[in-house]
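Here the structure comes first, spelled out in structure tokens, and everything after it is commentary.
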Amino acid sequence: MGNFLNLKLSSKIINCPKSFLIKSIVYMVFFTGIFFTLTCSTAFALRSNQKFEQHSGITLPDLQIVKGVIRRGDTASSLLNKYLPLKIIYKISRQSKNVFSFTRIRKGQPYKILLQENNLIGFEYEINQEKKLVVQNENGKFSIFQAPIEYDVDLEVVSSSIRYSLFEAVKKSGERCELAFKLSDIFAWDIDFIRDIQPGDQFKVLVEKRYRDGKLAGYGRIQAAFFTNKGTLFKAFLHKDSNGVSGYYDEKGKSLQKAFLKAPLAFSRISSKFTKKRLHPIFKEYRSHQGVDYAAPRGTPIKTVGDGVITQIGYNKGSGNHINVRHYNGYITKYFHMSKFVKGMRKNKRIFQGDIIGYVGMTGYATGPHLCFRMNKNGKPIDPLKHKSPSAKPVMPGEMEQFLAKTIELSARIMTTQKLASLEKKSI
Ligand SMILES: [Zn+2]
């Protein structure tokens, strides 16, 4: 069972734009707080548009930087042919294949061209929010590598209370929807952010806010988060263990991660529960339903709820496109009716908790787009909603002292800000 619960934070690079929009849409279709979600989606759309501001040049004494955004159909030659002969561009393209291929550049991503006396001395392309491709030209000798994107990082406290939804509360605090996804990811094992949320719930997070040129460019890690749900306070503290693996723990050092996520889809609606008898929507007769149906728009990403190995992948008349995953201790989870699988999914592939394996669809016997999610233990169907998932390993004894000292420090930071906020209120 080894490291089945390792949270690969670093690989959880905020692949925002796409998943973000899909999540916003899912939410918009199904739930209350529609106005705020619209605001969220609009904000997202606006940000995308801002990305399309083209080629604003900044001139320094002898260094000129041309900034731009990749447009549809852009290639290495369309980007660089003003500055370099085709022969050289081909050479660069070939050379960059092992680092990051130019065929993978995506519309909407920013790039920079650095010129000195009209000679290209550098090219930078932002692969995602974390990494960039760098091409450096030193007298005709090109070095190509990936480098981390640098931000100014401030550790800030964000707090708000919920009236309708987590999105609305995050917007109210002046932050972006992205923060709502980050926060819900931390508590994904304990709180179902659709079914469990109620008015009056509150949150406080200590989060790294990233700035570029003085403007908010996104969020880094959440260092600590407090979430009050139905009167119960959940606390989460980020801790990196001696193996370099990061995860969230409560104030006693117990891991927040569990063997299985509470649901394979974030922000969906349960349309049918696990039951011994239900009227089958197609066969119009009473049959048992040995799974949970999550209604969600076609294309919503589906995550595997735990680490495991794919034991079955394919199509059949009843389940449509489906994947079965074998986990430790005799558990199997099944995901039915997908529109399509994620590229690279195949039998015997090892996958990790939270990996996206496919997308919601209505293949097989289905009356609308949904995911039929099933769970077996030792060959017997069990109700995923009632199943209590075991916790991951706690903070190691040798790291406990250091961990506790850090939780005290982080808690103090969050609480101090609260006091300041209430003092400010009093003085008004
Ligand atoms: Zn079902």
Side-chain angles (χ1 to χ4, degrees), residues 22-23 25-27 29-31 188-189 191-196 258-327 329-342 345 347 351 353-389:
I22 292 168
K23 282 177 179 175
I25 291 166
V26 173
Y27 188 76
V29 171
F30 283 110
F31 305 105
W189 292 273
I191 303 169
D192 178 330
F193 276 84
I194 292 309
R195 297 196 311 147
D196 298 342
K258 306 219 161 61
F260 301 111
L261 293 174
K262 243 193 159 184
L265 300 169
F267 308 108
S268 59
R269 178 177 64 91
I270 291 174
S271 53
S272 180
K273 289 189 181 175
F274 185 97
T275 148
K276 293 262 173 348
K277 262 185 178 181
R278 69 153 183 177
L279 184 63
H280 194 279
I282 289 177
F283 302 113
K284 304 292 178 209
E285 59 182 38
Y286 283 91
R287 294 186 174 195
S288 68
H289 182 236
Q290 297 177 331
V292 177
D293 287 346
Y294 291 90
R298 192 187 141 91
T300 303
I302 297 165
K303 299 172 185 172
T304 173
V305 293
D307 291 4
V309 171
I310 294 181
T311 51
Q312 204 171 314
I313 178 163
Y315 176 89
N316 72 37
K317 238 174 34 186
S319 322
N321 290 325
H322 64 282
I323 286 182
N324 294 357
V325 182
R326 193 184 65 234
H327 308 279
N329 282 359
Y331 287 99
I332 287 178
T333 53
K334 304 177 178 183
Y335 310 78
F336 294 173
H337 312 307
M338 295 187 202
S339 56
K340 60 176 186 173
F341 306 121
V342 163
M345 292 294 137
K347 202 175 162 175
I351 49 174
Q353 186 174 61
D355 281 355
I356 295 171
I357 54 172
Y359 302 94
V360 169
M362 52 180 295
T363 55
Y365 295 141
T367 48
H370 77 286
L371 168 73
C372 182
F373 173 61
R374 300 181 175 211
M375 198 172 205
N376 282 11
K377 169 125 204 229
N378 300 328
K380 246 185 80 190
I382 56 170
D383 182 351
L385 294 179
K386 292 200 177 126
H387 177 253
K388 289 237 180 316
S389 189

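Since we're looking at a predicted model, the values are computed, not measured. Below, each value reflects all heavy atoms present in this structure, side chains not excepted, and no hydrogens, waters or symmetry copies. Just so you know, ligand 1 is whichever comes first in the structure, and atom 1 is the first atom listed for that ligand.
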State, yes or no, whether a side-chain contact exists between I332 and R326 at a heavy-atom distance under 4.5 Å.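 When only atoms from C-beta onward are counted, R326 and I332 do touch, with a gap below 4.5 Å.
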
Within 6.0 angstrom of K377 NZ, more than 12 heavy atoms from elsewhere: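 Above 12, so yes.
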
Below 2.8 Å, can you find an N, O or S atom of C372 next to the Zn ion (ligand 1)? yes

H289 N/O/S atom closer than 2.8 Å to the Zn ion (ligand 1): yes

If you look only at distance, which donor and acceptor atoms sit under 3.5 Å apart when one is on a side chain in residues 379-388 and the other is two or more places apart or in another chain?
| from | atom 1 | to | atom 2 | distance (Å) |
| --- | --- | --- | --- | --- |
| D383 | OD1 | L385 | N | 2.9 |
| H387 | NE2 | Y331 | OH | 2.8 |

Please state whether the rings of F373 and Y335 are parallel, tilted or perpendicular, taking 30° and 60° as the class boundaries. tilted

If you consider just the N/O/S atoms, which atom of D293 is the closest one to the Zn ion (ligand 1)?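 Atom name of the closest N, O or S in D293: OD1.
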
